[in-house]
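This report concerns only the one structure given below.
A, B, ... follow the sequence lines: proteins, then strands. Residue 1 opens every chain.
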Protein chains: 2
Amino acid sequence: MMKYSGQTRVLVAVDCIIFGFDGENFKLLLIQRGFAPQRQKWSLMGGFIQPAESLETGAQRVLKQLTGLEGVYLEQIPGFSEPIRDPVERTIAVPYFALIDIHKYEAQLSSEYHAEWFLLSEMPDLIFDHNQMVEMAKMRLRYKAALHPILFELLPEKFTLPKLQILYEKLYETTFDKRNFSRKVLSTGLLVRQEDKDKESSRKGAFYYKLDKEKYYDNFEAFLKFIPNPEKFLV
Amino acid sequence: MMKYSGQTRVLVAVDCIIFGFDGENFKLLLIQRGFAPQRQKWSLMGGFIQPAESLETGAQRVLKQLTGLEGVYLEQIPGFSEPIRDPVERTIAVPYFALIDIHKYEAQLSSEYHAEWFLLSEMPDLIFDHNQMVEMAKMRLRYKAALHPILFELLPEKFTLPKLQILYEKLYETTFDKRNFSRKVLSTGLLVRQEDKDKESSRKGAFYYKLDKEKYYDNFEAFLKFIPNPEKFLV
DNA sequence: CCAAAAGTGTTCAACATACACCCATGA
DNA sequence: TCATGGGTGTATGTTGAACACTTTTGG
């Protein structure tokens, strides 16, 4: 078959901004590059698109390689395409942010990559334009999470309301009234209270909740506002 | 300089979903392909990314070629990247939706392309996956416009409140209460009433308004809701 | 004078916020 | 028994939705 003539072909990479939450803080999973250029420097996990895969498939592959996880929540953010963003060769990067349950990850860590979790606030300098990608991903996550219940993707199967609230508070760098917060969250009917409590962080213990998977997936990107004044965060 | 070895390079295209509004209905600017494959079939205007340009720059170039317009409102939507989406050769497409003032366009039409405006509701079948791109763009536009005042990009410099309301009503395929609508819109302070009236569509005439450019651009993506129950439209 | 569209105000309900006290428990 | 974090209810203000009549003017 004929090809389009006179056009330049370029490398296309997917880079993953992998968010986790340890119960206290947001974290980012980074790898130390084992190859040139900028060997040893920290970077996002990424990879070049292969002939038989789509962008989304590529991103899932890259994630699986690093974390062992499949079917992860992924969202594409706008491409990074400055002609000289990669000094080696022109590469157009399509970043995805990923939300994973940090605990699921730990069990499956492959030693093929030198990967490490960093507190979002203590992130090292990254190669190329990866710092900007992280910034962009944070903005997008803030935006999306203000309107849709996606942050559950960061939590383990069983979690408590105080933990959920801390999650939101950390993302928006503020605090919320716990009475209003729990009322809003519970009023969605998405959460099912369990019998048992988490006694780790208080003597009284906090009830565990699980997602009502049915409701959650049926109306996956439901429009819900768990935080007050979302317009403050919607840039 | 060394290149990354063993990787496949691909064509990257930008395709533009160009929206216009004629005062009554949404329209889409399409071109009839002058080259194979699928010569004569309708398609979105697009082009391959050139060595010295970014995706956004490429999209602006493509738009300028077709419409003569520069600095158009553009927004990237997620890439289309199925390996066989283009039968000639693997091409990853990054679509952009564009909002233009249809009247500005008409003046500058280049005859280099066979381009035509179609009512959104009477759109022909398009090549490849362009139909899906249009669907995706409509969804994104609905989402974005429900929360941010971007639809002004579709209107001429002077417009009336009834026209603005029709614009919103057509996008959301519903009707709004004009008292509530005008109150909301005017309360933003974004609009400045002019002395003169548009007498085209009524005997009484409707006041023209202009955007307060200062306020508009200062707070370009302000969070505003001109439509009731936006959650209905936020998929 | 009449048809057709433009313009305008009020009432009510729902929602979001602010706010404070009691509970359970382990040490 | 006390210190710590968990859990809950109410009152108030704000916001958004519903709703109908008067105005203007060209024909």
In whole Å, what is the span from the [atom1] atom of [X] to the [atom2] atom of [N]?
X: Phe181(B); N: dT8(C); atom1: CZ; atom2: P; answer: 15 Å
X: Asp198(A); N: dT4(D); atom1: CG; atom2: C1'; answer: 14 Å
X: Phe207(B); N: dA5(C); atom1: CZ; atom2: P; answer: 19 Å
X: Lys163(B); N: dG7(C); atom1: NZ; atom2: C1'; answer: 16 Å
X: Asn180(B); N: dG9(C); atom1: CG; atom2: C1'; answer: 11 Å
X: Arg203(A); N: dT1(D); atom1: CZ; atom2: P; answer: 16 Å
X: Glu200(B); N: dA4(C); atom1: CD; atom2: P; answer: 18 Å
X: Phe159(B); N: dA6(C); atom1: CZ; atom2: P; answer: 15 Å

[X] has a side chain; which of [options] sits nearest to it?
X: Arg183(A); options: dG5(D), dA18(C), dA6(C); answer: dA18(C)
X: Arg179(A); options: dA27(C), dA3(C), dG9(D); answer: dG9(D)
X: Lys204(B); options: dG26(D), dC19(C), dA6(C); answer: dA6(C)
X: Asp177(B); options: dT8(C), dC19(D), dG7(C); answer: dC19(D)

State whether the side chain of Glu169(A) and the backbone N or O of Phe176(A) hold a donor-acceptor pair below 3.5 Å, judged by distance alone.
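Yes.
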
Counting only heavy atoms not in Lys64(A), do more than 12 sit closer than 6.0 Å to its NZ atom?
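No, not enclosed.
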
Between the base of dG26(D) and the side chain of Lys199(B), is there any donor-acceptor pair under 3.5 Å?
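Counting by modelled atom types and ignoring angles, no donor-acceptor contact under 3.5 Å is found here.
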
Is it the case that the base of dG7(C) and the side chain of Lys178(B) share a donor-acceptor contact (distance under 3.5 Å, atom types as modelled)?
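Yes, a donor-acceptor pair under 3.5 Å.
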
Quick check on DNA chain C: between Ser182(B) and Ser201(B), whose nearest nucleotide comes earlier from the 5' end?
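It is Ser201(B) whose nearest nucleotide is closer to the 5' end.
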
Looking at Tyr172(A) and Arg142(A), what are the two nearest heavy atoms and their distance?
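Heavy atoms only, the tightest pair is OH-O, 2.6 Å.
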
I need the minimum non-hydrogen distance between Ala98(B) and Val72(B), along with the two atoms involved.
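In this case the closest contact between Ala98(B) and Val72(B) is CB-CG1, 4.0 Å.
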
Just N and O in the side chain of Lys184(B): are any of them under 4.0 Å from OP1 or OP2 of dA17(D)?
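Indeed, a polar side-chain atom of Lys184(B) lies that close.
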
Cation-pi, Phe26(B) ring and Lys170(B) (6.0 angstrom, 45 degrees)
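Not satisfied by the 6.0 Å and 45° rule.
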
